[in-house]
Amino acid sequence: MSNYRPTWAEINLDYMWHNVLVVKSKLKQQNIIPVIKANAYGHGAKEVFQFLIRKGIDTFAVSLLEEALELRIINQDVKIIMMGAILNDQLEIASKHNIDITLYSSHIIRDILASTHPLNIHLKIDTGMHRYGLTDEHEILNVIHVLNNHPKHKLIGLYTHFATANENETYYLLQLDRFKNILTQIKQQPKMIHISNSSSALKYEKNYAFTTHIRYGISLYGLTLDEKVDDLKPVMSLKSKVVQIKQLKKDEYLGYGASYQAKKDERIAILPIGYADGFIRKNKKGYVEINKKLYKIVGIICMDACFIKVDETIHEGDTAILFGGLISTDDVAKRLNTINYEVTCQISSRVPRIYIEGGFYD
Ligand SMILES: Cc1ncc(COP(=O)(O)O)c(C=O)c1O
């Protein structure tokens, strides 16, 4: 889509690299696997992928085969791990395009073993999340043995995912112990062991000396669910421009449902961003920043526009920051009763991403 509209998400790749260095500075383990599924948490998977490759990163994780293939077209050399559920009819495509797959369930084992297409496999161990992964220890050890001796396939990695890294240490440690316990029983370990996510990497960095890679997403984007990480820089900011100023007279109504009535003569700025852009209706009564001041969102948010009650200092052409300035992604998450992950992920593909690298707009 061409970028003509005065609404955009600014993606600061310099901040992203800063965030990589922050995580690396806190950890002994220097190999990272950036998680760039879901369009790099809304930041633009292709651009983030290309940027990190330029910076020397050579291993990435996504969820879907489609996501992996979109990246594989751009680069044929780096490792791309598909973490989501793969089905039998996708194995050939994954093999053909050199996409590492996840062995995530008992039911796919037979298909994988029977596949004539050579596969690079990461075995996911369910240590307590109870989502993807094998749980039964006997089955896990057996599959590892079989794969280590398979004529075509390679067991490349072992991993797990923590359910409570940011909130319940006891449960986190239980999962960690389960994983380590299985690892001690494996004679021929695969070359990649990757278990941490952002929260656990930053909080429990000492626990990962035995792993080969730190696999993480949200802190790459400068966000966290932990309170203590203060040196990350949020990568995305959402911006739009005032395209029209409306003078509402006292008692006049505004927008759908005539749900907002001016209490006195009011000045309303219209921003061309709405719920189809991911700025959902629940944002009503929130605030946006214009010229370093906060102004209230009024009325019902439309599909393509929203209304801001402003003062005389605001004019057509002024830039509004919906988050990423005085209002943080976390403020919006709180407003929407959700987590910061969802705020950036939900910015839709209609919103052009503008990239900043080396201090310059791309
Ligand atoms: C399997 C897996 N690994 C790693 C991650 C990255 O987690 P985070 O963004 O919390 O670092 C996710 C995120 O959902 C995931 O599902």
Side-chain angles (χ1 to χ4, degrees), residues 15-16 19-20 22-24 26-27 29 31-45 48-49 52 57 59-65 67-68 79-86 99-105 121-135 156-169 171-172 175-176 178-179 192-205 207-208 211-229 232-236 329-330 333 338-346:
Y15 288 177
M16 179 173 285
N19 297 331
V20 169
V22 166
V23 171
K24 282 190 175 214
K26 293 183 193 291
L27 292 165
Q29 179 49 258
N31 299 318
I32 62 166
I33 307 175
V35 177
I36 56 171
K37 60 181 174 165
N39 199 25
Y41 294 33
H43 294 69
V48 167
F49 181 65
L52 291 174
I57 308 295
T59 308
F60 296 85
V62 294
S63 182
L64 313 177
L65 186 57
E67 292 174 335
K79 185 172 276 305
I80 303 175
I81 305 167
M82 177 190 161
M83 300 188 296
I86 190 152
I99 308 295
D100 287 21
I101 62 160
T102 293
L103 196 166
Y104 65 98
S105 163
I121 299 163
H122 297 248
L123 174 61
K124 187 162 189 185
I125 299 176
D126 178 9
T127 51
M129 174 88 170
H130 297 138
R131 193 175 59 179
Y132 299 131
L134 299 188
T135 322
I156 302 285
L158 278 186
Y159 75 104
T160 192
H161 191 49
F162 294 111
T164 64
N166 64 305
E167 51 204 341
N168 180 336
E169 187 168 66
Y171 200 72
Y172 160 75
Q175 285 195 259
L176 182 67
R178 282 184 183 154
F179 189 85
M192 290 178 69
I193 309 284
H194 46 102
I195 65 172
S196 71
N197 53 4
S198 297
S199 233
S200 72
L202 292 167
K203 269 168 97 171
Y204 307 109
E205 71 278 2
N207 291 346
Y208 297 116
T211 70
T212 63
H213 290 73
I214 301 293
R215 186 187 77 247
Y216 72 96
I218 199 73
S219 57
L220 180 73
Y221 308 106
L223 304 172
T224 174
L225 294 181
D226 298 308
E227 273 148 32
K228 277 192 238 138
V229 192
L232 295 171
K233 292 187 180 182
V235 170
M236 180 192 287
T329 320
D330 287 330
T338 184
I339 52 173
N340 45 35
Y341 295 61
E342 200 177 352
V343 175
T344 61
C345 280
Q346 75 185 0

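One-based numbering, in listed order, for ligands and for the atoms of each. Atom set for the values below is all heavy atoms of this structure, side chains included, hydrogens, waters and symmetry mates excluded.
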Quiz item: Under 4.5 Å between any side-chain heavy atoms of Leu220 and Asn19, yes or no?
Solution: no

Quiz item: Asn207: what forms a side chain to side chain contact (heavy atoms under 4.5 Å, CB included) with it, not counting sequence neighbours?
Solution: Tyr172, Leu173, Leu176, Tyr204

Quiz item: Do the side-chain N and O atoms of Asp226 and Asn166 include a donor-acceptor pair separated by under 3.5 angstrom?
Solution: no

Quiz item: Is there a donor-acceptor pair under 3.5 Å between the side chain of Ser198 and the backbone N or O of Ile218?
Solution: yes

Quiz item: Which of the atoms of ligand 1 are close to Lys124, meaning less than 4.0 Å from one of its heavy atoms?
Solution: 1 (C)

Quiz item: Does Ile218 reach ligand 1 with a nitrogen or oxygen that is under 3.5 Å from one of the ligand's nitrogen or oxygen atoms?
Solution: yes

Quiz item: Which residue and non-hydrogen atom of the protein lie closest to atom 14 (O) of ligand 1, and at what distance in Å?
Solution: Lys37 NZ, 2.8 Å

Quiz item: Tyr132: heavy atom below 4.0 Å from ligand 1, yes or no?
Solution: no

Quiz item: Which ligand 1 atoms, with their elements, are less than 4.0 angstrom from a heavy-atom of Tyr216?
Solution: 11 (O)

Practice problem: Show which atoms of ligand 1 fall inside a sub-4.0 Å distance from at least one heavy-atom site of Ser198. | Solution: 8 (P), 11 (O)

Quiz item: Hey, which atoms in ligand 1 end up nearer than 4.0 Å to a heavy atom of Tyr341?
Solution: 8 (P), 9 (O), 10 (O)

Quiz item: In terms of residue, atom name and distance, what is the protein heavy atom nearest to atom 5 (C) of ligand 1?
Solution: His161 CE1, 3.6 Å

Self-check item: Backbone N/O of Thr329 and side chain of Asn340: donor-acceptor pair under 3.5 Å
Solution: no

Practice problem: Would you mind running through ligand 1 and noting each atom that sits below 4.0 Å from a heavy atom of Tyr41? | Solution: 6 (C), 7 (O), 8 (P), 9 (O), 13 (C)

Quiz prompt | Shortest non-hydrogen contact from Ile125 toward Thr160 | solution = O-OG1, 2.6 Å

Quiz prompt | Mode of Met129 contact toward ligand 1 - side chain, backbone, both, neither (heavy atoms, under 4.0 Å) | solution = neither

Practice problem: Tell me, please, which residues at least two apart from Ser63 pass side chain to side chain contact (heavy atoms under 4.5 Å, CB included). | Solution: Lys37, Glu67

Quiz item: Sub-3.5 Å donor-acceptor pair from the side chain of Asp126 to the main-chain atoms of Leu134, do we have one?
Solution: no

Exercise. Do me a favour and list the nearest non-hydrogen protein atom to atom 7 (O) of ligand 1 with residue, atom name and distance?
Key: Asn197 CB, 3.6 Å

Practice problem: State if His194 counts as touching ligand 1 under the rule of any non-hydrogen atom under 4.0 Å. | Solution: no

Exercise. Would you please classify the geometry between the Phe162 ring and the Tyr208 ring as parallel, tilted or perpendicular, with 30° and 60° separating the classes?
Key: tilted

Quiz item: Can you tell me which residue and heavy atom of the protein come closest to atom 3 (N) of ligand 1, and the distance to 0.1 Å?
Solution: Arg215 NE, 2.9 Å

Self-check item: Polar proximity ligand 1 side, Val35 side, N/O cut 3.5 Å exclusive
Solution: no

